[in-house]
Amino acid sequence: VQLQASGGGLVQAGGSLSVSCAGSGRTNWATGWFRQAPGKEREFVASITWNLGTTFYADSVKGRFTISRDKAKNTVYLQMNSLKPEDTALYYCAAGPFTGSSTLASTYNFWGQGTLVTVSS
């Protein structure tokens, strides 16, 4: 399984940004987004099951972020709206060999490189 994250950038608070995770070889695997801010632990952001598209969000992003997947393109997206300075972090996508949801980074076997999202105040 190979994952390639892209789409990060700089945006003002209140703005929107979308990041993508293109993958190969992850048939039926769940995909999650995690983020890590400087000096902080990596934290769960959102996840989606591949077949049914069931989504799960961290409370901190619920109502602002939307995770989705395009099976034909083998790509998972994270649309981020109403961004806040505290959303600034390296965002990582990850895939795990399970069909449900998981907020634990340790359950995801494969990781893409991080893409930086910076939200200015």
Side-chain angles (χ1 to χ4, degrees):
V1 176
Q2 293 184 327
L3 304 174
Q4 179 75 33
S6 62
L10 173 64
V11 65
Q12 288 188 328
S16 299
L17 202 61
S18 180
V19 290
S20 303
C21 178
S24 61
R26 62 166 162 204
T27 304
N28 296 330
W29 287 21
T31 299
W33 283 98
F34 290 76
R35 65 187 182 186
Q36 188 166 18
K40 294 189 176 182
E41 298 285 323
R42 187 171 297 190
E43 65 173 356
F44 171 80
V45 176
S47 67
I48 188 166
T49 62
W50 195 250
N51 282 339
L52 297 181
T54 303
T55 58
F56 191 77
Y57 298 93
D59 288 343
S60 59
V61 306
K62 202 172 292 183
R64 299 189 299 121
F65 290 13
T66 301
I67 188 171
S68 61
R69 88 258 188 259
D70 184 327
K71 286 186 173 182
K73 295 183 178 179
N74 209 346
T75 299
V76 172
Y77 305 95
L78 184 68
Q79 175 66 40
M80 302 178 287
N81 299 328
S82 302
L83 282 161
K84 305 174 182 179
E86 51 263 44
D87 294 318
T88 295
L90 268 173
Y91 282 71
Y92 297 90
C93 63
F98 48 88
T99 57
S101 299
S102 175
T103 63
L104 300 176
S106 59
T107 58
Y108 291 82
N109 294 57
F110 296 94
W111 292 78
Q113 86 292 0
T115 184
L116 182 62
V117 172
T118 304
V119 185
S120 62
S121 55

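Residue numbers start at 1 and run along the sequence shown. Predicted, not measured: the structure shown is a model, and the values here were computed from it.
- Within a 6.0 Å sphere centred on NZ of Lys40, other residues, nucleotides and ligands contribute 12 heavy atoms or fewer.
- Atoms NZ and OG1, from Lys62 and Thr55 in turn, are 9.5 Å apart once rounded to the nearest 0.5 Å.
- No side-chain heavy atom of Ser68 sits less than 4.5 Å from a side-chain heavy atom of Gln79.
- A distance of 10.0 Å separates CG of Leu17 from CG of Asn81, quoted to the nearest 0.5 Å.
- Checked against the 6.0 Å centroid criterion, the rings of Tyr77 and Phe65 do not qualify as a close aromatic pair.
- Atom CD of Gln2 has 12 or fewer neighbouring heavy atoms from other residues, nucleotides or ligands inside a 6.0 Å radius.
- Side-chain heavy atoms closer than 4.5 Å link hydrophobic residues (I, L, V, M, F, W, Y) into clusters, and following such links, possibly through other members, connects Leu116 to Tyr92.
- A donor-acceptor pair under 3.5 Å is formed between the side chain of Ser102 and the backbone N or O of Leu104.
- The two atoms that bring Ala13 and Pro85 nearest to each other are CB-CD, 4.1 Å, heavy atoms only.
- Between the CZ atom in Arg69 and the SG atom in Cys21 there is a gap of 14.0 Å [rounded to 0.5 Å].
- Of the inter-residue distances, the one linking Leu3 atom CG with Ser20 atom OG reads 12.5 Å to the nearest 0.5 angstrom.
- Put simply, the side chain of Arg42 never gets that close to the backbone of Arg35: no donor and acceptor are under 3.5 Å apart.
- A 4.5 Å side-chain heavy-atom check between Thr115 and Leu90 finds every atom pair outside the cut-off.
- Checking side-chain atoms of Gln113 against main-chain N and O of Ala5 turns up a donor-acceptor pair under 3.5 Å.
- Residues Asn109 and Pro97 are in side-chain contact: their nearest non-hydrogen atoms beyond the backbone lie under 4.5 Å apart.
- The CG atom of Leu78 lies 12.0 Å from the OG1 atom of Thr31; values are rounded to the nearest 0.5 Å.
- Note on ring orientation: taking the six-membered ring where Trp is involved, the planes of Phe34 and Trp111 are tilted (angle from 30° to 60°).
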What verdict does the side-chain hydrogen bond (donor to acceptor under 3.5 Å, both in side chains) test give for Asp70 and Thr75, after you've listed the backbone C-alpha separation in whole Å, the side-chain angles of each residue and the deciding distance to 0.1 Å? CA-CA 5 Å; Asp70 184 327; Thr75 299; over 6 Å; no
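- Two residues are said to be in side-chain contact when any heavy atoms from C-beta on lie closer than 4.5 Å; Val119 and Val11 meet this criterion.
- Nearest heavy atom pair, residue Phe98 against residue Thr107, reads CE2-O, 3.3 Å.
- A salt bridge is defined here as a Lys NZ or Arg NE, NH1 or NH2 lying under 4.0 Å from an Asp or Glu carboxylate O, and Lys84 with Asp87 fails to meet this definition.
- Side-chain N or O atoms of Ser24 include none that pairs as donor or acceptor with a backbone N or O of Val1 at under 3.5 Å.
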The test is side chain to side chain contact (heavy atoms under 4.5 Å, CB included); show your working for Gln12 and Leu83 and say whether it passes. CA-CA 8 Å; Gln12 288 188 328; Leu83 282 161; over 6 Å; no
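- The local environment of CZ in Phe110 is crowded, with over 12 non-hydrogen atoms from other residues, nucleotides or ligands closer than 6.0 Å.
- In this structure, the side chains of Ile48 and Thr54 stay at 4.5 Å or more apart for every pair of heavy atoms.
- For Trp33 and Phe44, the distance between ring centers is not under 6.0 angstrom.
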Kindly determine whether Tyr108 and Trp29 satisfy ring-ring contact (aromatic ring centres under 6.0 Å, His included), including the steps that lead there. CA-CA 10 Å; Tyr108 291 82; Trp29 287 21; 9.8 Å; no
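- Between Tyr57 and Thr66, the shortest heavy-atom distance links the atoms OH-CA, 3.3 Å.
- In this structure the side chain of Met80 never reaches within 4.5 angstrom of the side chain of Arg64, judged on heavy atoms.
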